[in-house]
Amino acid sequence: MDPDNLSVVLHAKGDLRLEQRPIPEPGPDEVLLQMHSVGICGSDVHYWVNGQIGDFVLKEPMVLGHEASGRVVRVGTGVTHLKPGDRVAIEPGVPREMDEFFKSGRYNLSPSIFFCATPPDNGNLCRYYIHKASFCYKLPDNVTYEEGALIEPLSVGIHACRRAGVSLGSSVLICGAGPIGLVTLLVAKAMGASQVVITDLSADRLAKAKELGADFLLPVKREDLPEDMAKRVESMLGGMPHISIECTGVESSIQTAIYATRSGGVVVLVGLGASMTTVPLLNAAVREVDIRGVFRYCNTWPMAIAMLASKRVNVKPLVTHRFPLEQAVQAFETTRQGLGVKVMLKCDKNDQNP
């Protein structure tokens with residue numbers, strides 16, 4: 001095996017380095033993976049620029065990356081469902097203990113969960129990486145490595161739409177047409193939403209949303225008033241949406257989502273913004289609008305793989321930029337500048353294909 005394990009390591013706020021690390025040995029219930037495709041997430045960039053997200057503070061060097069797929073190179077002694085050569089998608093959140101959240105199927109809420117590239121846990125933006133085998137999912141032959149890596153953001157969309165109760169005939173407002181807004185759009189349509197309105201400041205992102213199946217595009221200006229935006233949503237749809245899914249974390253956008261949602265409907269908060277946010281809570285309360293949070297996802301990889309394999313969902317247009325692992329800093333800068341939609345890093349020197 002090539003001893004090259006080039007890794008993308010964040011040492012401190014603003015200090016991103018490419019360095020060699022030893023290739024790890026898998027434990028009994030782990031697999032060693034040769035990484036293939038890893039997407040850059042907004043959270044990776046946020047750690048790079050700010051050194052923390054909320055209570056998660058970078059205190060020691062950490063490998064970035066958590067939207068990933070690769071090939072099994074070696075399996076631990078207790079692993080039976082995977083073998084060397086298998087292509088897998090990686091679920092980055094692995095519960096460390098069998099607590100009440102694990103038992104109830106909501107392991108994403110476990111306070112002790114391991115999560116790739118969330119301090120102090122290392123991610124997988126490297127050539128070789130070990131992961132719990134039970135959180136590596138075999139990819140069908142007709143699903144590419146890049147699609148496998150995109151299951152991670154797609155899972156956020158699946159979890160959000162499940163929490164929202166999207167079903168046949170739902171009308172949905174999605175606030176924000178970044179990568180998470182776009183995957184939420186894809187999932188909402190696949191789950192049967194009849195009409196989807198999507199908002200954004202960027203005309204380019206709205207054009208991408210149209211390409212991916214949005215029924216209505218609502219351009220936003222920073223000075224727009226939330227109540228006015230809600231009225232525009234209603235006039236576009238011919239009625240207020242059953243569901244609003246907020247993917248920006250911006251205060252005015254959360255306000256728009258609440259005002260826009262029909263009485264008895266649901267608002268799901270996906271985007272993470274300021275820890276204290278002013279919202280029209282009374283408006284939601286007297287109209288019985290449920291406000292639900294989302295934290296990552298759980299139990300989504302099998303559904304995502306089925307959606308991709310059946311071609312019910314096409315995530316390929318989301319990838320707009322590709323860089324070899326050696327150009328990781330340039331790739332991060334591309335994401336930081338908001339260019340394109342999804343930037344993909346290619347970790348296998350001998351296979352830079354999708």
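Numbering of residues begins at 1 and proceeds along the displayed sequence. This one's a predicted model, so the numbers in the text were calculated from it and none came from an experiment. Excluded from the calculations below are hydrogen atoms, water molecules and symmetry mates; all remaining heavy atoms, backbone and side chain alike, are included.
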Legend entry - Atom of Ser112, atom of Glu97 and distance for their closest heavy-atom approach: OG-OE2, 2.7 Å
Legend entry - Between CD on residue Glu147 and CG on residue Asn314, distance to nearest 0.5 Å: 7.0 Å
Inset, instruction - Only counting residues at least two apart or in another chain, list the ones meeting salt bridge (charged side-chain N to carboxylate O under 4.0 Å, His left out) with Glu251. - result: none
Legend entry - Check: Phe114 main-chain N/O paired with Thr118 side-chain donor or acceptor under 3.5 Å: no
Legend entry - Validation row: Val63, Asn124 side chains within 4.5 angstrom (heavy atoms): no
Inset, instruction - Taking the side chain as every heavy atom from C-beta outward, state whether Leu345 and Phe332 have any atom pair closer than 4.5 Å. - result: yes
Legend entry - Check: Ser37 and Ser69 side chains under 4.5 Å, non-hydrogen atoms: yes
Inset, instruction - Output yes when a side-chain donor or acceptor of Ser310 lies under 3.5 Å from a complementary backbone atom of Met307, and no otherwise. - result: yes
Inset, instruction - Kindly say whether Asp204 contributes a backbone atom to a donor-acceptor pair with the side chain of Ser202 at under 3.5 angstrom? - result: yes
Inset, instruction - Is it possible for you to say whether Val57 and Leu10 belong to one hydrophobic cluster, with membership spreading through side-chain heavy-atom contacts below 4.5 Å? - result: no
Inset, instruction - Determine yes or no for a side-chain-to-main-chain donor-acceptor pair under 3.5 angstrom, with Gln352 supplying the side chain and Asp348 the backbone. - result: yes
Inset, instruction - Check the pair Asp200, Lys208 against salt bridge (Lys or Arg N to Asp or Glu O under 4.0 Å), reporting the backbone distance first and the verdict last. - result: CA-CA 11 Å; Asp200 207 274; Lys208 180 64 78 170; over 6 Å; no
Legend entry - Within-4.5 Å side-chain heavy-atom neighbours: Pro179 and Arg205: yes
Legend entry - Leu139 vs Ile151 side-chain heavy atoms within contact, under 4.5 Å: yes
Inset, instruction - Determine which pairs satisfy salt bridge (charged side-chain N to carboxylate O under 4.0 Å, His left out) with at least one residue from residues 98-117, sequence neighbours left out, and list them in order. - result: none
Legend entry - Check against side-chain contact (heavy atoms from CB on, under 4.5 Å), Lys189 and Val196: CA-CA 8 Å; Lys189 294 298 281 187; Val196 178; 3.6 Å; yes
Inset, instruction - Kindly say whether Gly273 contributes a backbone atom to a donor-acceptor pair with the side chain of Thr277 at under 3.5 angstrom? - result: no
Inset, instruction - Run the numbers on Asp2 and Arg127 for salt bridge (Lys or Arg N to Asp or Glu O under 4.0 Å), then give the verdict. - result: CA-CA 10 Å; Asp2 186 345; Arg127 299 241 194 257; over 6 Å; no
Inset, instruction - Measure across Ile243 and Ser170 and return the closest heavy-atom pair with its distance rounded to 0.1 Å. - result: CD1-OG, 4.1 Å
Inset, instruction - Flag the pair Pro280 / Tyr259 as yes when at least one side-chain heavy-atom distance between them is below 4.5 Å, and no otherwise. - result: yes
Inset, instruction - Provide the closest heavy-atom pair for Val38 versus Ala68 in the form atom of the first, atom of the second, distance. - result: CG2-CB, 3.9 Å
Legend entry - Validation row: Cys347, Leu125 side chains within 4.5 angstrom (heavy atoms): yes
Legend entry - Tyr297 backbone acceptor or donor facing Thr300 side chain under 3.5 Å: no
Legend entry - Cys116 SG to Tyr129 OH distance, which is reported to the nearest 0.5 Å: 3.0 Å
Do any side-chain atoms of residues 20-27 form donor-acceptor pairs under 3.5 angstrom with protein atoms, and if so which ones, sequence neighbours left out?
| unit_1 | atom_1 | unit_2 | atom_2 | d |
| --- | --- | --- | --- | --- |
| Gln20 | OE1 | Asn5 | N | 2.7 |
| Gln20 | OE1 | Leu6 | N | 3.4 |
| Gln20 | NE2 | Asp4 | OD1 | 2.8 |
| Glu25 | OE1 | Arg74 | NH1 | 3.2 |
| Glu25 | OE2 | Arg74 | NH1 | 2.8 |

Legend entry - Steps toward side-chain contact (heavy atoms from CB on, under 4.5 Å) verdict (Val197, Leu217): CA-CA 6 Å; Val197 182; Leu217 310 176; over 6 Å; no
Legend entry - Least distance between heavy atoms, Gln52 atom then Gly54 atom: NE2-O, 3.1 Å
Inset, instruction - Indicate whether any N or O donor in one side chain lies under 3.5 Å from an N or O acceptor in the other, for Asp351 and His36. - result: yes
Inset, instruction - Give, for atom CG of Leu173 and atom OG1 of Thr256, the distance between the pair rounded to the nearest 0.5 Å. - result: 8.0 Å
Inset, instruction - Could you grab the distance from atom CD1 of Ile174 to atom CD1 of Ile198, nearest 0.5 Å is fine? - result: 5.0 Å
Please tabulate, one pair per line, all N/O donor-acceptor pairs under 3.5 Å involving side-chain atoms of residues 157-169, not counting sequence neighbours.
| unit_1 | atom_1 | unit_2 | atom_2 | d |
| --- | --- | --- | --- | --- |
| Arg162 | NH1 | Cys298 | O | 3.4 |
| Arg162 | NH1 | Asn299 | O | 3.0 |
| Arg162 | NH2 | Asn299 | O | 3.2 |
| Arg163 | NE | Gly293 | O | 3.0 |
| Arg163 | NH2 | Gly293 | O | 3.0 |

Legend entry - Option from Arg17, Lys13, His11 for which side chain to side chain donor-acceptor pair (under 3.5 Å) with Asp15 holds: Arg17
Inset, instruction - With side-chain contact (heavy atoms from CB on, under 4.5 Å) as the test, would you mind laying out the steps for Tyr145 and Arg87 before giving the verdict? - result: CA-CA 8 Å; Tyr145 280 114; Arg87 300 159 60 253; 3.2 Å; yes
Inset, instruction - Measure up the Phe135 and Tyr137 rings against each other and bin them: parallel (under 30°), tilted (30 to 60°), perpendicular (over 60°). - result: perpendicular
Legend entry - Side-chain donor or acceptor of Thr320 paired with backbone N/O of Val341 under 3.5 Å: yes
Legend entry - Common cluster, Phe295/Phe102, ILVMFWY with side-chain heavy-atom separation under 4.5 Å: no
Inset, instruction - Scan residues 335-345 for pairs that pass salt bridge (charged side-chain N to carboxylate O under 4.0 Å, His left out), counting only residues two or more places apart or in two chains. - result: Glu67-Lys342, Glu333-Arg336
Legend entry - Glu227 CD to Arg232 CZ distance, which is reported to the nearest 0.5 Å: 14.0 Å
Inset, instruction - Rounded to the nearest 0.5 Å, what's the gap from NE2 on His66 to CD on Glu152? Could you check? - result: 4.0 Å
Inset, instruction - Could you verify whether a donor N or O on one side chain and an acceptor N or O on the other, from Thr248 and Glu246, lie under 3.5 Å apart? - result: yes
Inset, instruction - Just do the salt bridge (Lys or Arg N to Asp or Glu O under 4.0 Å) check on Lys346 and Glu146 with the steps written out, would you? - result: CA-CA 9 Å; Lys346 312 303 288 185; Glu146 285 188 359; 2.8 Å; yes
Inset, instruction - Kindly indicate whether the side chain of Leu212, heavy atoms from C-beta on, has any atom under 4.5 Å from the side chain of Pro317. - result: yes
Side-chain donor-acceptor distances from residues 39-48 under 3.5 Å, at least two apart:
| unit_1 | atom_1 | unit_2 | atom_2 | d |
| --- | --- | --- | --- | --- |
| Asp44 | OD1 | Gly65 | N | 3.3 |
| Asp44 | OD2 | Cys41 | N | 3.1 |
| His46 | ND1 | Asn50 | ND2 | 3.4 |
| His46 | NE2 | Asn50 | ND2 | 3.3 |

Legend entry - side-chain contact (heavy atoms from CB on, under 4.5 Å) between Leu269 and Ile254, worked out: CA-CA 8 Å; Leu269 304 179; Ile254 299 170; 3.9 Å; yes
Legend entry - Backbone of Val72 reached by a side-chain donor or acceptor of Asp86 within 3.5 Å: no
